[in-house]
**Q** 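Questions regarding the structure given below will be posed in turn.
For clarity, every value in this text was computed on a predicted model and none was experimentally measured. Naming: A, B, ... by sequence-line order, numbering from 1 per chain.
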Amino acid sequence: MQATHSDNPKKYDLPKGYEFAEVERRWYLRWLEEKTFSARMDEGKSAFAIVIPPPNVTGVLHIGHALNNTLQDILVRYHRMRGDNALWVPGTDHAGIATQNVVERQLASEKQSRHDLGREKFIERVWAWKEEKGGTIINQLKRMGASCDWDRERFTMDDGLSRAVREVFVRLYQEGLIYKGDYIVNWCPRCHTALADDEVEHDPIDGKLYHIRYPYADGSGQVVVATTRPETMLGDTAVAVHPDDERYQHLAKIGISLPLTGRTIPVVFDHHVQREFGTGALKVTPAHDRDDYEIGLRHDLPRLKVMDDRGVMNQEAGPYAGLDRFACRRQIVADLTAADLLEKIEDYRHAVGKCYRCATVVEPTTSKQWFVSVRPLADRAVAAVQQGRITIYPNTWYRTFYNWMENIRDWCISRQIWWGHRIPAWTCEGCGQLIVTVSDPDTCPFCGATGLHQENDVLDTWFSSALWPFSTLGWPEKTRELTTFYPTSVLITSFDILFFWVARMMMMGLHFMDEVPFRDVYLHALVRDKHGKKMSKSTGNVIDPLVMIEQYGTDAFRFTLTAFAAQGREIRMDEERIDGYRRFINKLWNSARFAQMHLASADPAITALAADPKGLACAHRWILSRTNATISEVRAALDSYNFNEVAQANYHFVWHEFCDWYLEWIKADLASEDATARDQAKAVLLTVLEQVLKLMHPVIPFVTEEIWSQLPGVRGLIMVEPFPETHSAWEDIEAENTMNLLMGVISGVRTIRTEAEVHPSARIEATLICPDPDKRRILVEFAPSIRAMVRANTLTIVESGLVPDAAGHALVQDVELVVPLKGLIDVVGELDKLAKEQTKLEKELERVVGKLGNGQFMRNAPAAVVAKERDKEAEIRARLAKTIESTERLSKLR
RNA sequence: GGGCGAAUAGCUCAGCUGGGAGAGCAUCGGCCUUACAAGCCGAGGGUCACAGGUUCGAUCCCUGUUUCGCCCACCA
């Protein structure tokens, strides 16, 4: 790259290609040094705050994080430039099970288990791991350019947040909203912990449905029950049938002799039973099935646990004790078959719950757990959303949100692992009382005894993250941060944690702060591969953000994510697009290089010329008007979270208006002898470039900062420059119309050239036939520019005239473009094209005429639409006439 | 079983409250026109999944169908 630079050392200060790696490192360090990411706590300004969805401390940056944090950074940078007191709070989540797993694996490689170390040592070990390796993702966020206030980085287990967690737990307990209960939970036999309902994933599997004969205790008959899990029959404490099921009315007084155990169990009548399913009789295992648990409660059935925490059959399983649950299933099936009690086995596809961490089949089981009564909390969250105190984007999520909140169950918050917030509850060995306090008690407040035992369980990780928006701002202290930044402005996250996290933040925020945690929620899409598949290591379709950054640069990668971030549900990431946007960054870079070449010696004060564009040449007024429109579009898109439109508007403006037309157009001015022309061009060039760099800085911070620093004059950082605002003085419809005409004419002539295979460097003679006097004046005025842009020796502009036989011809608006051709033209090909064109126009005309002749249309359609149709008709007629004319002309040449 | 979403150019996607569809990449043709060949100038390419309905008019609204995807749910 340096080699190309030295090709022309005098002319260019910037290297020919954008070298992102060095630039990105340099500017990020500079931003950190100057503390530009720090919130100023200036209470006079309006606050804009975002709390980061804390990534797992074990995490490495994946493409979902990349998207999530790019969008947040865009908003924070935008608001910072707008002059808001902007704060982006970063941090990480202790991620209970995930982190514990990592360290346990480490121990396993040393042939140790956490039990060998004991709880205290194990936790020390996890902390050590966290200190050493836990910062990975934070550094990766920095490479993404994230402008977080790093001095405020938090961790869900740091002292302040731990204090908040205890405070919340104790208050909820005192308010009766936390209780400890015997309950059926989803148990992961591998992780040895309870899982929340939403931590269980249901996958359909091909299983079997076993139909088992349960004989009556008196030997007078039998009832057949169906189950997918025969091993649970050892824990059956009833058979249930529907109360209205006539087939089974006689069972009221009959007991069932449970096979293989000889226990006698009752028959109960319960509405839950589906009469149509199987035989309409249901075996009831209250200790190992959620439904059966409920039935058990209603009929006061005993709960017989037949498995232990590892999924191994226990003493209650009698001869089966010691068998793994699946081995036990096989044995039971064999024994039932031997006893001729198995009526049949059917193939059966059904959903099985699996642990979201390790995919082990979850075993529903009863145990003592801690719960939050969520109903009252959920109701407040629903009310807040209904009242519009929180706005959800995109709005398709409202219904889903309400639906979930209506059906929410109590939240099991205890986890049987070691890494996490240990539940602040102690049992007194003396009096047996439960003590729940913020600070560790020395003695029992009830009996004064000193033997206190703290709960072994820790809290669900989501419990602490639910407090994140206020705990990170210093709660329960009454801090300036809280009064300044709470409620935060917007939460940006992926929709898959709407319930895990977002809803719970609403509940906790409303309960403890009496105010919503954020005004807006923006739920972005899930990033998939280009075929719509989930990215996963096993399928090998993962796009690694860090590799993308190395390869294409952070800005190109960020721009791609932004361009993809429409308000949908999934984003299909295509690496080719990243490459495309890398070229865009390079294009921008080179436009700056061009500008630099002409502006090197310029006084930046010349931009004052652009403040009032009235006296400027048309192209300048046009680009300022387009700049103004782009500013307006970009701001609107940012304000409404339409990120893809931000990218789109900038891309189109920079490449296709600023570069393709404006820069080409002003080349002549910049080379002109006329000092006024040169100054105007320089002034507007610099003005537009400044505007566009600022406009794009939130999306592509590095390259904009680099270019900005190279522009003439002494400059501060672009990241603290004011964001562009629209100027009504820049809006200029007339200039836009004029330029549209000129650009149309130029493109038209170029098309003729290309189609006639005129060599690009060859000069042509062109004639423009323009009956409209106003347009003719414009064409005459800009003839030199047109000539340059179409490479014409002569450009004749006339009111009317005949088209010579051998000529390329086209119609733009009502201007006829004529290029006489010396060489051969492809008469047959041309005629073919004209014929095609003619039928197309005739069809269109038919439709338009039909429309205008339709009384209904004329009566009902708005005047503007009718006028548009009329214009269209006139235009089609004119084109049609010209097409027929051309056909006749060319036919003569055949 | 409920709920939600998607179906638009070869590919990946836009298309705001209904007025004959756009971009990038890919394809084809031509250019080293000194900011950029990581580029420039052009071109081709679409029954907007299917069938109805509402409307003067439907890619857009309604109903149904097909295909795909997601979420929730207690049918053993």
**Q** Starting at the 5' end of RNA chain B, which residue's closest nucleotide do you reach first, Glu664(A) or Asn854(A)?
**A** Glu664(A)

**Q** With sequence neighbours excluded, what pairs up with Tyr641(A) under the ring pair (Phe, Tyr, Trp, His ring centres under 6.0 Å) test?
**A**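 Listed in chain order: Tyr393(A), Tyr522(A).
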
**Q** Could I get the full list of salt bridge (Lys or Arg N to Asp or Glu O under 4.0 Å) partners for Arg879(A), not counting sequence neighbours?
**A** Glu875(A)

**Q** Across the strands shown, which category fits Thr285(A) at heavy-atom distances under 4.0 angstrom: base, sugar-phosphate, nothing?
**A** nothing

**Q** Where does RNA chain B form stems of at least three consecutive Watson-Crick or G-U wobble pairs, each pair having both distances below 3.5 Å?
**A**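 Stems found: B:1-7 with B:66-72, B:10-13 with B:22-25, B:27-31 with B:39-43, B:49-53 with B:61-65.
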
**Q** For Phe20(A), give me all partners under ring pair (Phe, Tyr, Trp, His ring centres under 6.0 Å), at least two apart in sequence or on another chain.
**A**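 Expected list: none.
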
**Q** With a 4.0 Å cut-off on heavy atoms, is Asp660(A) in touch with a base, just the backbone sugar-phosphate, or nothing at all?
**A**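 Sugar-phosphate only.
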
**Q** Taking ring pair (Phe, Tyr, Trp, His ring centres under 6.0 Å) as the test, write out the residues that go with Tyr248(A), two or more places apart.
**A**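 Ring pair (Phe, Tyr, Trp, His ring centres under 6.0 Å) list for Tyr248(A), sorted by chain: empty.
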
**Q** Please output the side-chain donor-acceptor pairs of residues 660-668 of chain A that fall under 3.5 Å, not counting sequence neighbours, one pair per line with the distance.
**A**
from	atom 1	to	atom 2	distance (Å)
Asp660(A)	OD2	His656(A)	ND1	3.0
Tyr662(A)	OH	His620(A)	ND1	2.8
Glu664(A)	OE1	Lys667(A)	NZ	3.3
Glu664(A)	OE2	Lys667(A)	NZ	3.2

**Q** Applying salt bridge (Lys or Arg N to Asp or Glu O under 4.0 Å), name anything that partners Lys283(A), two or more places apart in sequence or on another chain.
**A** Asp236(A)

**Q** Quick one, give me the B/S/- string for nucleotides 14-24 of chain B, reading 5' to 3', where B means a protein heavy atom under 4.0 Å from the base and S means that only happens at the primed atoms, P, OP1 or OP2.
**A** S----BB---S

**Q** Tyr662(A) OH to C36(B) C1': how many Å, rounded?
**A**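 From Tyr662(A) OH to C36(B) C1': 18 Å.
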
**Q** Can you list every pair that meets salt bridge (charged side-chain N to carboxylate O under 4.0 Å, His left out) and has a residue in residues 749-762 of chain A, with sequence neighbours left out?
**A**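 Checked against salt bridge (charged side-chain N to carboxylate O under 4.0 Å, His left out) - neighbours excluded - the pairs reaching residues 749-762 of chain A are Glu755(A)-Lys833(A).
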
**Q** Please work out if Glu294(A) contacts a base, only the sugar-phosphate, or nothing of the nucleic acid, heavy-atom cut-off 4.0 Å.
**A**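 Touches nothing.
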
**Q** Does Thr751(A) have a side-chain nitrogen or oxygen under 4.0 Å from the phosphate oxygens OP1 or OP2 of C41(B)?
**A**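 Indeed not, no polar side-chain atom of Thr751(A) lies that close.
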
**Q** How many Å lie between NZ on Lys283(A) and P on A76(B), as a whole number?
**A**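 My rounded result for the distance is 12 Å.
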
**Q** For nucleotides 27-30 of chain B, tabulate all protein N/O to nucleotide N/O atom pairs closer than 3.5 Å, reporting atom names and distance.
**A**
none

**Q** Run the side-chain hydrogen bond (donor to acceptor under 3.5 Å, both in side chains) test against Lys344(A) and tell me which residues pass, sequence neighbours left out.
**A** none

**Q** Could you walk me through whether His242(A) and Asp270(A) pass side-chain hydrogen bond (donor to acceptor under 3.5 Å, both in side chains), step by step?
**A** CA-CA 5 Å; His242(A) 195 276; Asp270(A) 195 284; over 6 Å; no

**Q** Going by the rule ring pair (Phe, Tyr, Trp, His ring centres under 6.0 Å), which residues pair with Phe584(A) if we only count those two or more places apart in sequence or in a different chain?
**A**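 Once residues adjacent in sequence are excluded, the partners of Phe584(A) under the ring pair (Phe, Tyr, Trp, His ring centres under 6.0 Å) criterion are Phe559(A), Tyr651(A).
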
**Q** When we call it a touch if two heavy atoms are under 4.0 Å apart, what does Arg229(A) touch: a base, just sugar-phosphate, or nothing?
**A** nothing

